[in-house]
Enquirer: 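Encoded as structure tokens, here's the structure I'll be asking about.
Quick note on labels: first sequence line is chain A, next is B, and so on, each numbered from 1. Since the model is a prediction, treat every value here as computed from it, not as a measurement. All heavy atoms count here, side chains included; hydrogens, waters and symmetry mates do not.
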Number of protein chains: 2
Amino acid sequence: MAARPTSKTSKSSDKVSVICRALRRAVIEQALEPGAKLPEDALGERFGVSRTIARHALGQLAGEGLVELRRNRIAVVATPSWQEARDAFDIRIELERLVVRQLAGKLTKSQIAELNAHVDAEHRARGGTDAVSIRLATEFHILLAHMTNSPILVRYVSEVAYRCCLTLSLYSRPHSSECAISEHRAIIAALAKGDEAKVTELMRHHLDSVANRALVAPVPQRGRDLLDILAPYADAVTGDRVVKLPRAARR
Amino acid sequence: MAARPTSKTSKSSDKVSVICRALRRAVIEQALEPGAKLPEDALGERFGVSRTIARHALGQLAGEGLVELRRNRIAVVATPSWQEARDAFDIRIELERLVVRQLAGKLTKSQIAELNAHVDAEHRARGGTDAVSIRLATEFHILLAHMTNSPILVRYVSEVAYRCCLTLSLYSRPHSSECAISEHRAIIAALAKGDEAKVTELMRHHLDSVANRALVAPVPQRGRDLLDILAPYADAVTGDRVVKLPRAARR
DNA sequence: TCCGCTGAAAGTGCATGCAATTGGACCGTT
DNA sequence: AACGGTCCAATTGCATGCACTTTCAGCGGA
């Protein structure tokens, strides 16, 4: 549909982009949990490139919010705070409402078929691992975004969707993705009928329930990051730096 | 408000970020027009760093959509198509409505004072160059986003606002920013009053009129990019590549 | 046993070097 | 003139090397 003189944003088969795609996928399949270390040499060796390239890829992913880059320290997969996760979902809701609003009644038959096929795949993957279910569910939303033919919208929806995946590993309890699948079907139906008001409401409700299923507790009690928890208090003690902690979080 | 153990996204005084900030600013002040070339060595020399760093910065900006990176070619400031510009404004409207919705009735006195001070500065800059007016107007929106205390929202609003600036150089005619200033004041007033419905409507209207002032004609008749215009047709002629053009667009 | 110190190992920050690609001036042919 | 080919300067793609910072295991003292 769009021209591809130099294939703008899509599939640039740059070594950097290859690494980015691989890492993104590892993140949404939760093979890489938040906080996982990403040393440049290890990445470089794994992908057969030099540190320079691995570093560049990490920079890109940091820009997307998937990776946290701390000066002179090993990069890690980002660990969004509960509030950040909530914010991400809020933004996602607005963006995806925009997506379906633009799409309502404008989809071709083959596009609708493609969407249905994707949801069929989600259905079939029901018995498999959570990782695959989550990936497929996320890809459904990205597929929708693609159909708007708006590169910017694709980028933002993808980014924020990945970020949301990240929070699943952190704050979610084991969930049934069953309802999500039927909600996807409902959205497709409303899109096909061209009912703009209904489909935006469906999407809002869908993402809202995903968020509520994911962000169960406002308390990130998962043991990691004692230091971060204490950081706000540290300001009250000394102005410039966190005091040394008596032997705590490891790894 | 937030802790700053390693100062997460803000002001990382990385050499890379310094270059990024400088280039972003040059873009929003239209010192760098869309299509302007950005050779790595030139940047490196200008900022006193090596090509490696300049390259890294370009990668970041490409991720933000401000720069276009073509393999083996000199990077250039992005030239969004008219449709992309329209999409950017659509997204921006939704994002900024979210901003003011979160902010309505929640601003402290000092924050309101800060906003008013900023608009005062916009007013004073009225007589100066367009560049400064545009920058200040943009920074008003980013300042609002900052007050949500949501790093993600800040990032997206900033990015999309920069992109919108980019389109001003391309598709806008000389404009009076006078009305924009009074609209900014109206938004502040509605925020202070806590009238959520009104402020979201004000913001929608404000951005919509900015967009309409900016995107006057759906036809990018500015001579550049003959090749891009023909690209869709080229597919019909030869499957793999655009045929050579008989001496046309230069530079 | 617990704490703090210290030095080596691991890792990042960045510049530089080399191969490969591109753009364009030059030049001969039609 | 217009076209097509050739060569060289400009520029990117990427790996490597070196300096500096962080981490942590081992060690000695309380």
Side-chain angles (χ1 to χ4, degrees), chain A residues 5-7 11-20 23 35-63 67-77 224-228 241-251, chain B residues 5-8 11-20 23 35-63 67-77 224-227 241-251:
Chain A
T6 44
S7 116
K11 291 274 177 194
S12 49
S13 111
D14 232 324
K15 302 192 182 186
V16 173
S17 334
V18 170
I19 299 181
C20 284
L23 290 185
K37 293 183 182 178
L38 301 169
E40 295 174 358
D41 341 347
L43 286 179
E45 190 176 0
R46 182 67 189 77
F47 288 97
V49 297
S50 81
R51 267 201 324 122
T52 307
I53 305 305
R55 180 185 185 73
H56 204 83
L58 288 173
Q60 294 295 310
L61 294 171
V67 160
E68 236 164 277
L69 241 38
R70 305 108 91 210
R71 188 173 178 89
N72 281 320
R73 316 264 316 266
I74 301 179
V76 294
V77 176
R224 59 177 78 256
D225 273 348
L226 172 58
L227 202 143
D228 276 357
R241 215 59 187 130
V242 174
V243 289
K244 200 159 194 179
L245 289 183
R247 179 160 308 251
R250 183 60 49 94
R251 195 237 125 142
Chain B
T6 44
S7 117
K8 215 162 200 176
K11 290 277 177 190
S12 50
S13 110
D14 234 325
K15 301 192 182 185
V16 173
S17 335
V18 170
I19 300 182
C20 284
L23 290 185
K37 293 182 182 179
L38 302 169
E40 295 174 358
D41 347 354
L43 287 179
E45 190 176 358
R46 183 67 190 76
F47 288 97
V49 297
S50 81
R51 269 203 318 124
T52 307
I53 305 304
R55 180 184 186 74
H56 204 85
L58 287 174
Q60 294 295 310
L61 295 171
V67 159
E68 237 164 278
L69 241 38
R70 307 108 92 208
R71 190 175 174 89
N72 280 320
R73 317 265 316 268
I74 301 179
V76 295
V77 176
R224 58 177 80 257
D225 272 347
L226 172 58
L227 203 143
R241 216 58 189 133
V242 175
V243 290
K244 202 156 192 181
L245 288 182
R247 180 160 307 250
R250 184 59 49 96
R251 193 235 130 118

Enquirer: The side chain of B:Lys15 is closest to which nucleotide in this list: C:dT22, C:dT12, C:dC14?
Expert: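 Nearest nucleotide to the side chain: C:dC14.
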Enquirer: Going from CG on B:Leu43 to OG on B:Ser50, what distance comes out if it is rounded to the nearest 0.5 angstrom?
Expert: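 Between B:Leu43 CG and B:Ser50 OG, I get 11.5 Å after rounding to 0.5 Å.
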Enquirer: Would you indicate which nucleotide in C:dC14, D:dC14, C:dT12 comes nearest to any side-chain atom of A:Asp14?
Expert: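 Selected nucleotide: D:dC14.
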Enquirer: Measure the shortest side-chain to side-chain distance between B:Val18 and B:Val49 over non-hydrogen atoms and say whether it is less than 4.5 angstrom.
Expert: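 No - every pair of side-chain heavy atoms lies 4.5 Å or more apart.
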Enquirer: Quickly work out the A:Glu40 CD to D:dT16 C1' distance and round it to whole Å.
Expert: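 For the pair A:Glu40 CD and D:dT16 C1', the rounded distance is 14 Å.
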Enquirer: CG of B:Leu69 versus P of D:dT12: gap in Å, rounded?
Expert: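 For the pair B:Leu69 CG and D:dT12 P, the rounded distance is 10 Å.
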Enquirer: Can you check the A:Asp41 CG to C:dA9 P distance for me, whole Å?
Expert: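 Rounded to the whole Å, the gap is 16 Å.
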Enquirer: Between A:Arg70 (CZ) and C:dT12 (P), how many Å, whole number?
Expert: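 Distance, rounded to whole Å: 10 Å.
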Enquirer: Can you measure from NZ (B:Lys15) to CD1 (B:Ile53) and round to the nearest 0.5 angstrom?
Expert: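 Going from NZ on B:Lys15 over to CD1 on B:Ile53, the span is 7.0 Å.
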Enquirer: Measure from the side chain of B:Arg73, starting at C-beta and using heavy atoms only, and say which of C:dG23, C:dT12, C:dT21 lies closest.
Expert: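 Among the listed nucleotides, the one closest to the side chain of B:Arg73 is C:dG23.
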Enquirer: What are the two closest non-hydrogen atoms of A:Ala54 and A:Gly44, and how far apart are they?
Expert: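 For A:Ala54 and A:Gly44, the tightest heavy-atom pair comes out as CB-N, 3.8 Å.
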Enquirer: Are any of the side-chain heavy atoms of B:Ile19 and B:His56 separated by less than 4.5 Å?
Expert: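 No - every pair of side-chain heavy atoms lies 4.5 Å or more apart.
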Enquirer: How many whole angstroms separate atom CG of B:Asn72 from atom P of C:dA19?
Expert: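 Taking atom P of C:dA19 as the reference, CG of B:Asn72 is at 16 Å.
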Enquirer: How many angstroms lie between atom CG of B:Leu69 and atom CG of B:Leu61, to the nearest 0.5 angstrom?
Expert: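 B:Leu69 atom CG to B:Leu61 atom CG measures 9.5 Å (nearest 0.5 Å).
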Enquirer: Below 4.0 angstrom, which residues in residues 44-60 of chain B have at least one non-hydrogen atom near DNA chain C?
Expert: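 Here the set is B:Val49, B:Ser50, B:Arg51, B:Thr52, B:Ile53.
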